[in-house]
Each structure stands twice: as C-alpha cells, then as structure tokens.
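Chain naming here is simple, since letters A, B, ... match the order of the sequence lines and numbering starts at 1 in each.
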Amino acid sequence: MAIGTALLSAARTPRGAPAAIVLVGVVFAAIFADRLAPYAYDMQSLMQANLPPSAAHLLGTDEFGRDLFSRILHGARISLGVAVTSIGASVALGLVFGAIAGYAGGWADRLLMAVVDLTWAFPEILIALVLIAILGPGLGSTAVAITVGYMAQFARLARAQIIALKGETYIEATVGLGAGHAHILLRHLVPNALTPVLVAGMLATGDAIVLEATLGYFGLGAQPPLPSWGAMMSAGVGQMFLAPWVIVFPGLAIAITVVAINLYGDALIDALQIRNRLREG
Amino acid sequence: MALLEVEGLTIGIGRFTPVQEIGFSLDRGAVLGLVGESGSGKSLTAMALMGLLPLIRGEVRAGSIVFDGVELANRPAELHRRLRGRRIALVTQNPMTSLDPIRTVGTQIDEVSRLHGGLDGRAAKARSLDLMEAMRIPRAAVVHGQYPHQLSGGMKQRIVIAMALAGDPDLLVADEPTTALDVTVQAQIVRLMVDLVKARGLALVLITHDMGVVAQACDRVVVLYAGRIAEAGPVESIFAAPHHPYTRALIGCIPVEGQARGTLIGIPGQVPGLTDYPAHCRFAPRCPAASARCRAEAPAPATIGASRVACFHPLGRGA
Amino acid sequence: MTDGPMTDGLTTGVPTTGVPILRFEDVNRDFTTPGGWFARRRVLRAVNAVTLDVPAGRVTGVVGESGCGKSTLARLALGLIKPTDGRVSFEGEDLATARRARLRQLRARMQMVFQDPYSSIDPRMTIGDAVLEPFVVQGIRLTGAARAAKAEALLGMVGLDPSLARNHPHHLSGGQKQRVGIARALALEPRLVVLDEPTASLDVSIQAQIVALLEALKARLDLTYLFISHDLALVRYFCDRIVVMYLGAVVEILPSPAAPIRHPYTRALLDSAFVPDPTRRQTLARATGEIPSAFDLPPGCVYAPRCPLADETCRRIRPQLDRSAHPVACHHPLDRAGAGS
C-alpha cells in the first residue's frame with residue numbers, strides 16, 4: 001500500500017482515529033501557537049503567580065504568573081519541533097549510512113556498522129548527556145544529541161532492508177539492463193527501503209519528545225524563558241504541592257502526544273503490513 | 001458403494017462461491033485426478049475433504065461429502081479431527097510445512113503409528129522402517145535418525161508420504177505433491193504413490209495442474225475450470241477424445257515429442273478472478289467455439305459416452 | 001550440423017545465423033559458503049569446465065535439474081557474475097575484463113528474462129516506467145510523447161493492452177508480468193536474450209502462451225535465445241540445439257531436438273517426463289535415486305551413483321565431452337551400449 005493511502009486508512013482504525021485527531025491538534029497548536037495563545041509565553045505578572053485554572057487562565061499560571069496554556073502551546077512548537085527535526089536528520093543520516101553499508105558490504109559495511117553499533121550499545125540518554133557535556137546546554141545541542149542518539153536504529157534498519165532488497169530479482173534485472181550503482185541505490189533500493197524506516201522514525205519521534213523533555217527537565221535543553229515541556233515540568237517541581245497544575249499539565253501534554261504517536265504509528269504499521277520488516281536489523 | 005462420494009459440493013467463503021456443484025466418486029484402489037489451473041477450486045475441494053475449510057473461514061454451502069457411508073459436510077470439527085491422519089491423510093506440496101524441523105524424521109513417523117495405531121516404541125519404529133522402505137528410501141535405518149534439513153526435497157516428500165501411510169488411512173489426498181521437486185524425482189514419487197494405492201487398496205485424490213501427471217497416474221479425472229466441473233470421466237476416454245474445449249486446450253498445452261514449431265498455442269486470456277466470474281459459461285471468454293448461447297447461460301453437465309461434460313458445443317459428439 | 005562460423009557472416013559485420021554470438025571457454029564458477037566460527041568454508045563448483053558456443057539466430061536450450069548450474073550459466077552469459085576460471089565472451093569481447101562503460105553498452109545487446117515474474121518488477125514502478133527503464137539506464141532520453149509512444153509499442157509487441165502502463169505490477173497476473181519482463185528485455189533491441197525458466201512459475205495454459213509469444217518475437221526481431229529449463233519436453237519443442245547439464249557439467253549436447261539420446265541421464269530425464277497420453281504409461285522401472293549434494297561430488301562420473309550402466313571405470317575416471325558432432329560425456333554412451341560393446 002502506498003504510504004499516502006496508508007496514512008489515511010490508519011486514521012480510520014479504532015486505535016488510529018483518536019490518535020490521529022490528537023496529533024493533528026498538537027501539530028496545529030505547534031504551528032499556530034502565536035495566534036492561538038491568549039498571552040505571550042514570556043509575559044510575567046507576579047501578582048497572578050500560581051493561579052489555579054480559571055476562565056482567564058484555562059490551565060492556570062506558573063510561579064511568574066505566566067499563562068500555562070499559552071506556554072504549553074508554544075512548548076508544543078519547541079518540543080515537537082526539536083523532536084521532528086532531529087529525528088528527521090537522524091533518519092536521513094541513518095539511511096545514508098545504512099544504505100551504503102548494506103549495498104557495499106565487505107569492509108565498508110563492517111566499518112560503518114562498528115561505528116553505529118558503538119552508539120547502539122549505550123542508552124540514548126547517556127549519549128545525549130555526553131554530547132551536551134561537550135557542546136554545552138541548549139536547544140541546538142539537544143537536537144544534535146537526539147540525532148546521534150537515535151541514528152543507530154535507523155542505520156541498522158535501513159541496512160537490513162537494503163540487504164534483503166538486494167536479493168530481489170528486479171535488482172538483478174536492472175543490473176542486467178546496464179544500470180550503475182547510483183541508479184540501483186537511488187531508484188530502487190532506497191525508495192523500497194524507505195517506508196519501514198520512515199515509520200520507525202515516526203515512532204522514535206515519541207521517544208525523542210520524552211528525551212527532549214528529560215534533557216529540558218535537567219535544564220540541559222531549552223533555556224528560560226523558552227517554554228519546552230520538560231523545562232516547564234522542571235520549573236513546576238518547586239510548587240508541586242502549592243500549584244500541582246504547573247507540573248501536571250505539561251506532563252499530560254507529553255503523555256498524550258507520545259501515546260498518540262505510538263497508537264497511530266502502530267495503526268500505520270498494520271495498514272502498511274510491515275511489522276515483520278521493522279523487526280529486521 | 002464407493003469409498004468417497006461427493007455430490008453437488010458448493011464451497012463459500014464470505015460472499016464468494018469459489019467452488020460450485022462439484023461431484024465425483026472414488027473407489028478403493030483407484031486414483032482420481034482433480035485438475036485445473038490456479039483459481040480452479042481444486043485445493044479448496046481438497047480442504048473440504050479434510051474438513052479444513054474453517055481455517056480459511058470457508059464452509060460447505062451445499063452438497064454432500066460421503067466418506068465410507070459417513071456424511072462429512074458441515075459436521076463438527078471433532079469428527080474431522082478423528083478422521084484426519086487415521087482414515088484420511090493429506091500430503092501437501094511443500095514437505096517442509098508437514099515436518100517439524102527440530103525432530104528426527106523417524107520419530108515423526110513413529111509418532112503417527114503410536115497415536116493412531118496404538119503401537120509401542122519398538123513396534124512403531126519397525127513399522128516406520130517398513131514404510132520408509134516401501135517409499136524406496138535407501139538406508140532407511142540411517143535416514144530414520146536424521147533431521148529434515150539433512151534430506152533432499154524428494155526424500156522429505158517420501159518421508160511425508162510414509163507419515164501419511166503410518167496412520168493406515170483409507171483415503172489419501174495429495175495436493176500437488178511433486179510440483180516443488182526435480183523432474184526425475186517427481187516421476188519416481190508419482191509412480192510410487194500410484195503403485196502403493198494399487199498394492200494397499202487405498203484411494204487417492206491427486207490434485208495437479210499437469211495433464212501429463214493425470215495421464216500417467218490417474219484412473220478418472222475431474223477437470224475444473226473457475227470453480228466448476230468442465231468435464232469428468234475415465235482418463236483413457238478423456239485423453240482419446242476430450243469433449244470440452246477446455247480439456248482439449250489443456251492437453252494441447254503440453255508439447256509432445258516431434259511437435260512442430262509454432263503449433264503450441266496455449267489458451268488465450270486468463271482464468272477469471274473470483275470477483276468477475278461471468279454468469280454464463282465461465283470458459284466462454286477464452287473458448288474458440290463460444291456462441292451467443294455460451295455468453296448468455298451456463299451449461300449444465302450432461303453425459304456424453306463415459307464422461308460428464310458441461311458445454312453447449314461439445315467436441316466430437318458425432319464421432 | 002556444426003558450430004563452425006560461416007564466412008559470409010563475417011563480411012557484413014553482423015553475425016549471421018550460425019556464427020557463435022556467445023562463447024564459453026573452459027569456464028568454472030565456484031561459490032564459497034561464508035565460513036563462521038564453527039562452520040568451515042566450503043567451496044561449491046556450480047559450473048564445471050563448460051565449453052559452449054551459442055550460435056546467432058538459433059535457440060540453444062540448456063536443460064537440467066536443481067543444482068545443475070543452469071542458472072549460474074545464465075548469469076555468467078550476461079556478465080552478471082564473473083567466472084572463477086575461463087572466459088565468457090559476447091561477440092568476441094571478454095565480459096570479465098570489459099570496462100564498466102563498455103559492459104553497459106554490451107548489456108544493451110544481451111538481455112535476460114527471469115523465472116519469477118512476481119519479483120522481477122520493482123513493486124513501486126508503474127508498468128510504463130518499468131518498460132521504459134532500460135532507456136533511462138542506458139542514458140537514452142525520451143520526450144513525453146516519445147515515452148508514451150514507446151511504452152505503447154513495447155506493451156503492444158508483447159500482447160498487452162497499452163492502458164496497463166499506468167498500473168502497478170500487483171494489478172497484473174503472473175503471465176502479464178512475464179510479458180512485461182519480456183518487453184523490458186526487448187526494449188533496447190538486443191541480439192541475445194537469455195530466458196531463465198521464463199515459464200516455470202506460470203500455469204500451463206499461460207506457459208504455452210508465453211512460449212508462442214517468444215517464438216513469434218524471435219522470428220520478427222531476429223533474436224538469439226539461450227533458453228534455460230528443467231522441462232526436456234518443452235526444450236525439445238522450442239530449441240534447435242540442446243545442452244544437457246548435470247551437477248555443473250555439460251553431459252550431452254544434442255545437435256537437434258530429434259537427435260537420438262546418447263547419455264543415460266538425458267534418457268532418465270526423458271523417461272521422467274509425464275507424457276500426456278494414458279496409453280503410453282511408464283512403469284516404475286527402477287529407483288534412479290536423487291541428485292547428490294554438489295559439495296561432495298564423487299571422483300568419477302558425477303552421474304555414476306544413479307546410473308544403471310555405471311561400472312568401475314565410471315566411478316574412477318570422470319568422462320570428458322567428446323569432440324563429435326553430437327558430444328557426450330560418458331564412458332558408455334547409449335548408441336554404443338546397444339551395439340554390445
């Protein structure tokens with residue numbers, strides 16, 4: 001099934017439908033945060049600190065009196081933006097390394113996979129912490145950390161796909177037509193390997209949101225006053241008993257988004273019938 | 001009464017009816033060929049005999065399957081379970097699907113004798129060795145202790161047939177048993193099966209797409225096309241004078257010795273899919289003799305000589 | 001009836017009927033299993049000392065069972081794999097030493113039709129793109145109108161409705177896909193087409209259609225075929241000359257389909273065919289056994305373990321293909337056995 005039709009049919013399944021609605025909402029919020037937010041995310045009003053949810057502040061305010069609803073909308077932009085761009089870069093790099101390793105085989109494969117396996121051996125969070133220790137905290141470092149942390153899984157998956165596809169008769173048939181390496185790789189192997197890697201990337205975006213939040217929570221990601229969801233939760237710890245909504249709502253935003261991504265991704269895997277192919281690598 | 005009597009068998013899967021009104025009968029010591037191309041319904045018919053249709057959400061919608069006086073159509077799974085292996089055995093195309101890769105082939109044959117024949121270990125093994133020798137497996141005692149992956153495809157299929165025989169069945173259903181094997185091995189196994197049927201008084205339903213196998217192995221043949229019988233009858237008369245244009249074309253698809261170049265034509269077009277079975281004669285779109293009537297209504301089987309033929313314009317009727 | 005070149009073909013520069021277009025000279029091809037920590041590397045000789053000419057304008061058949069090396073031979077013929085020893089040359093050029101750009105040019109002149117039509121077309125391509133891919137690969141640019149016209153002509157040539165061009169392969173039946181495979185192979189107007197069991201995975205009625213199509217195309221386009229099959233009856237119908245292989249080696253070359261058989265293995269192949277005539281039933285004459293593993297070949301004749309005529313000589317000395325007009329590699333060829341020698 002083509003990925004376009006699969007996206008739609010996944011959204012029509014009982015699991016996929018609510019997830020798709022949530023995801024569309026989150027993406028919409030991220031894109032139009034400026035227009036949707038009733039207040040600026042950094043507008044402080046100490047008089048209105050730690051207010052519970054009300055008509056004026058739908059989700060209440062934090063210790064600086066900033067509107068939580070507005071900050072969560074802007075947080076969607078940052079958390080989602082960082083996760084999506086860095087996973088995108090990770091998928092792209094993973095595809096390049098995996099495709100080259102799988103196609104070339106031999107020593108090139110062993111060398112590339114040795115490097116990839118090195119990062120595979122450590123938890124993503126550890127790789128991220130090491131990289132941020134080198135690069136210094138900030139959104140850029142977070143993005144790099146996520147990109148590198150997840151690349152191994154995409155490289156492995158892409159490599160496994162390419163190796164399996166190399167044995168297909170149509171590849172041999174195309175070689176028989178006189179095709180060169182670039183044609184074989186770019187016209188046949190990579191396009192056919194793409195779908196499972198993209199779906200794995202989509203599922204990893206959920207994990208990346210959590211990783212970004214974790215780094216943000218430790219103050220290693222987005223720096224104040226930028227409202228990433230993790231950083232917002234971290235700021236809420238101090239008022240946990242005084243104003244629990246400050247930590248609960250960003251946490252809910254993360255949980256709902258990640259669950260939605262996983263549910264939708266799962267429905268998509270079924271729609272595309274690629275569950276077996278994702279296990280490879 | 002024949003060992004197996006199938007009448008008006010109609011198989012449904014969901015809103016489709018892939019097999020319609022198939023009938024045949026089979027005596028002990030005889031080989032019946034069910035022949036047709038992919039999509040003819042021959043494998044579904046085999047599944048109906050084995051009571052395996054529920055596996056693919058299929059059911060017998062009409063007709064009867066009477067085996068040794070017992071009606072099998074739409075009977076409880078328990079009845080089929082008791083018959084399978086013991087009275088009716090199945091040999092499939094791919095021997096690997098019938099063999100457990102992590103157990104020796106010998107213990108797998110032994111098990112059937114123990115389960116169905118109630119033999120003890122030593123007696124079961126002795127019986128297995130007998131059966132393996134009947135299947136012309138060289139060095140049977142050695143092979144008995146080997147694993148499936150150590151054996152060639154032909155050897156594995158011989159083991160599967162020995163396993164089928166171990167339950168001492170009355171009816172053997174073989175679905176393309178040699179298609180996956182090498183030419184020289186195919187010939188040996190088909191001929192071996194036929195000899196065993198005659199020697200042991202078994203009945204064999206042999207499902208195949210190859211009219212050559214039918215000619216060499218079967219006593220009677222049922223030619224299926226798109227889920228219906230095109231022609232059925234004794235092998236000799238059907239090959240000597242096929243009455244249905246499809247039967248003749250199917251025989252003509254196999255090149256024979258000395259056949260001149262350019263005379264192998266095949267059958268134009270292709271078997272219709274389940275979703276677009278025509279309401280009229282299903283072979284009409286590919287038939288050289290099709291008339292307006294063939295494109296308007298479906299012919300009912302009629303008796304011509306020793307055969308039953310479903311055709312408005314049967315060949316050689318006058319002859 | 002020999003393979004010798006005819007001089008009139010050389011003057012025009014275009015190989016004429018009978019001149020070898022493809023040559024195997026003492027070709028061996030080994031495959032090595034990838035040894036591991038616990039597995040020793042093992043060498044399998046898939047093609048063993050094959051010397052063979054494929055004359056232009058004719059149909060040369062290669063027949064044999066699994067492990068006989070016929071598919072390896074097909075891939076060697078097109079330079080898809082290189083020989084371990086020996087030389088494979090197409091129109092006089094050694095394929096193993098040809099430069100990449102030259103190989104690409106040569107490949108436009110020799111094409112292959114594969115056994116499995118289900119996996120021989122990229123599932124993501126439309127049928128139109130698939131039949132036009134040869135031009136893309138060869139760097140031949142076609143404009144929009146020319147593309148459509150070319151696709152239509154190619155599909156029409158193999159008897160397909162041109163409207164199929166917009167479909168994806170999974171909408172086509174096996175027979176239709178094989179026709180697409182043939183159209184792709186013929187797009188660049190090759191001289192030689194290697195047919196690797198092109199009908200083995202098709203229904204009999206479709207198999208006969210495809211064979212008829214291949215016959216018609218050969219006559220129309222002046223093609224040379226190397227036809228690989230396990231079906232001796234089909235090969236005898238379709239081919240001018242028949243090469244019989246067993247476990248990597250050529251055991252007999254029948255100069256014509258009607259030539260009397262000389263090798264016991266060819267005889268066994270013929271006896272194994274299911275003749276569609278119930279009045280000519282073959283009985284189970286003898287158990288001829290099964291093909292041994294190609295990893296541990298016997299020292300003498302590889303067919304000796306299954307051969308009813310085998311004696312001590314056969315088990316010790318491997319027979320060589322003789323140099324007659326009807327070459328056979330056998331110590332006891334059938335035409336002499338009958339004479340009582």
**OP:** Only counting residues at least two apart or in another chain, list the ones meeting side-chain hydrogen bond (donor to acceptor under 3.5 Å, both in side chains) with C/Thr97.
**Re:**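 Listed in chain order: nothing, the list is empty.
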Short donor-acceptor contacts under 3.5 Å linking chain C with chain A:
from	atom 1	to	atom 2	distance (Å)
C/Arg75	NE	A/Glu172	OE1	3.3
C/Arg75	NE	A/Glu172	OE2	2.5
C/Arg75	NH2	A/Glu172	OE1	3.1
C/Arg100	NH1	A/His181	NE2	3.4
C/Arg100	NH2	A/His181	NE2	3.4
C/Arg104	NE	A/Gly178	O	3.0
C/Arg107	NH1	A/Val175	O	3.3
C/Gln111	NE2	A/Gly176	O	3.0
C/Ser119	O	A/Tyr170	N	2.9
C/Ser119	OG	A/Thr169	OG1	2.8
C/Asp122	OD1	A/Asn192	ND2	2.9
C/Asp122	OD2	A/His188	ND1	2.7
C/Asp122	OD2	A/Asn192	ND2	3.1
C/Glu133	OE2	A/His183	NE2	2.7
C/Glu133	OE2	A/His188	NE2	2.2
C/Gln138	NE2	A/Leu177	O	2.8

Original post:
Between A/Leu177 and C/Val137, what is the shortest heavy-atom contact and its length?
Top reply: O-CG1, 3.5 Å
Original post:
Where on C/Leu78 is there a heavy atom nearer than 4.5 Å to chain A: the side chain, the backbone, both, or neither?
Top reply: neither
Original post:
Does any heavy atom of chain A fall under 4.5 Å from the side chain of C/Met125, the backbone, both, or neither of them?
Top reply: side chain
